[in-house]
Amino acid sequence: MLNSHQSCNIGFVGLGVMGKSLALNLADHGYKVAGFDLDSNKIKDVLETEQKERSADFSEARIIGCKTLEEMLPTLTTPRVIVLLVPAGNPVDAICQQLINSGLEPNDIVVDCGNSQWTDTIRRESEFKGKLKFFGTAISGGEVGARFGPSLMPGGDADSWKHLQPMWEAVSAKVDKNGAQIIQNIPGQPVTEGEPCTTYLGPNGAGHYVKMVHNGIEYADMQLICEAYHLMRSLLGYEPEEIGKIFAQWNKGELNSYLVEITADILQQYDNKTGAPLVDIILDCAGQKGTGRWTSVSATQMGVPAGIISESVYARALSTLTQEREIAASRLIGDVELGDIDPETVIEAIKNALYCAKICAYAQGFQLLRAAQTEYDWQFNFSDIAKIWRGGCIIRASFLQKIATAFSDNPNLENLLLADYFTNTLNDKQKGLRQAVVLAAQSGIPTPSFFSALAYFDGYRSEILPANLLQAQRDFFGAHTYERVDSEVGQKFHTFWQEENRPERPA
Ligand code: 6PG
């Protein structure tokens, strides 16, 4: 441990995978970090890694270890900046309290970098006012992202942002002028050129909300890829390696994205123990930590149609019913009938289905952000949000450049589907989505997110929906009233629907 009175730029509480990686990233960029973790082995580990990976430009340690929070505070320049990378929930409140007890001051900034629920961030910002400045910054990109360039989604008070901005811009992922991430995952050689994948998103919970929506889209994107895989596997009988190669091919075109890229790699991996494709050895029971579910709940609460995201959450839930599914598989049959299929045509259809459905899922995510800014009094710049997702994060994809352009061309764009590029793409490729859904239905292969995407697309482009009948039903049993197509908006009507009140049909 070094004597480093007020020499560190930033403190870290929590040196697990994400904390360690982000601390090393800051160190690579020349920042001096003070780190604390309840587990002294984690402190030791980060110090040893920093020593091993330290660039020749630095003659002394860029990270120091602290045994307690009290020991950490005097090492930091003021106002102090302390990053929390601890499990979301109670630990965040507990550490804030401990920091206050350890001598933190009202101007000091505590940055919660976990996957916290945005409502908690809003609450904490106001609860800790006058004791510390609570700031949210959500991180996407996993371990490698945190180490070499994540997408950072900050939200909190604007003054704190001014203080954090240089550090956040330094450590975040960078994209070139075409929107492609500049990747150089080499310790000690950080990327310093390019546009940073971070921007101030707004006050209090804005950053964590944007990250939650990112994760909702992540759930949808992953599920859609899984459904495309399932169709190729079960409908065409292709082996995982073959499908992996198809994904690798797709990754060279408009579907280019991190998730497609890793899927291609995963499917070409074999199990050391059995020699079988590794994906076949993995139990088909999906986990989730909650952010996708929060997105779906938030959409439902605000009345935003985000069915693809919700279906992706439900698909994970259904997958966990392992034993029930086993019983049901032997009792419930799929009465399916499938004609001749041409593999090449089917693959092209699935590819187009994936792109169309993906566009619809991102459109739903941005719709949700639009609703949230009204609900929470935020002012999002949708183009900037698309831009900071182009690099570093899990949903990074080439087509985010097109989303960024769509929103910069028209910041008031109501729905991504109405931007020229996306309108034309959907008009052109929707047949693939229809074919994929038909084939899935005919063969009994569950593709809930593809189905939902098509229903969303068809629903959104329908001038007339059967909600007129629904309104009549509501009025019938509950006198909920309805509006008429030939009257002023807002004018309510009620009908006495019983047979005895039914008028004669006019001649
Ligand atoms: C990211 C991810 C990450 C998330 C994991 C696990 O952007 O880096 O979203 O933050 O925690 O993907 O999420 P689930 O366990 O809910 O799948």
Side-chain angles (χ1 to χ4, degrees), residues 14 16-22 25 83-89 91-92 111-118 120-121 136-155 168 171-173 181 183 185 197-199 201 205 207-226 257-263 266 282-299 306 308-320 361-362 365 368-369 385-397 400 449:
V17 173
M18 293 300 278
K20 173 186 169 183
S21 304
L22 194 64
N25 186 352
V83 162
L84 309 187
L85 266 159
V86 297
V92 177
V111 190
D112 177 14
C113 285
N115 263 338
S116 289
Q117 201 161 9
W118 82 99
D120 280 338
T121 309
T137 292
I139 305 184
S140 178
E143 182 180 358
V144 174
R147 177 67 186 88
F148 298 109
S151 172
L152 294 176
M153 289 156 258
W168 271 209
V171 297
S172 64
Q181 186 175 351
I183 297 179
N185 296 346
C197 291
T198 188
T199 191
L201 294 165
H208 276 128
Y209 193 89
V210 170
K211 173 61 175 20
M212 180 199 72
V213 173
H214 165 286
N215 279 28
I217 295 173
E218 174 184 302
Y219 273 50
D221 214 340
M222 292 168 80
Q223 175 64 21
L224 290 166
I225 291 171
C226 291
S257 64
Y258 172 71
L259 285 170
V260 169
E261 181 190 326
I262 65 165
T263 303
I266 290 166
I282 298 173
L283 189 69
D284 58 341
C285 175
Q288 55 179 311
K289 294 203 194 74
T291 45
R293 191 170 58 234
W294 297 344
T295 315
S296 172
V297 169
S298 176
I308 311 170
I309 293 171
S310 296
E311 283 299 345
S312 307
V313 179
Y314 303 150
R316 289 195 190 194
L318 187 71
S319 80
T320 65
Y362 280 66
L368 190 51
L369 290 172
I385 292 174
K387 281 184 187 162
I388 66 166
W389 287 347
R390 290 174 304 174
C393 70
I394 303 296
I395 64 167
R396 61 184 183 262
L400 276 159
S449 295

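Atoms within a ligand are numbered from 1 in the order they appear, just like the ligands themselves.
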*Asks:* What side-chain donor-acceptor pairs closer than 3.5 Å can you find for residues 136-143, not counting sequence neighbours?
*Replies:*
unit_1: T137; atom_1: OG1; unit_2: W168; atom_2: NE1; d: 2.9
unit_1: S140; atom_1: OG; unit_2: H214; atom_2: NE2; d: 3.2
unit_1: S140; atom_1: OG; unit_2: I394; atom_2: N; d: 3.1

*Asks:* Given a heavy-atom cut-off of 4.0 Å, could you list the residues near ligand 1 in chain and number order?
*Replies:*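 Its neighbours under 4.0 Å (heavy atoms only) are N115, S140, G141, G142, K211, H214, N215, E218, Y219, Q288, K289, R316, I394, given by chain and number.
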*Asks:* Got a donor-acceptor contact below 3.5 angstrom from the R390 side chain to the Q181 backbone?
*Replies:*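 Answer holds: no.
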*Asks:* Judged by atom type as modelled, is there a donor-acceptor pair below 3.5 Å linking the side chain of T320 to the main-chain atoms of A317?
*Replies:*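 Looks like yes, one N/O pair under 3.5 Å.
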*Asks:* For M212, does its backbone N or O pair with a side-chain atom of T295 as donor and acceptor, under 3.5 Å?
*Replies:*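 Yes, T295 side chain to M212 backbone: donor-acceptor pair under 3.5 Å.
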*Asks:* Restricting to non-hydrogen atoms, name the atom on V92 and the atom on S116 that form the minimum distance, rounded to 0.1 Å.
*Replies:*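 Taking V92 first and S116 second, the nearest heavy atoms are CG2-OG, 4.3 Å.
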*Asks:* Which of these, V83, L152, V86, L84, sits in a side-chain contact (heavy atoms from CB on, under 4.5 Å) with C113?
*Replies:*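 Only one of V83, L152, V86, L84 forms a side-chain contact (heavy atoms from CB on, under 4.5 Å) with C113, namely V83.
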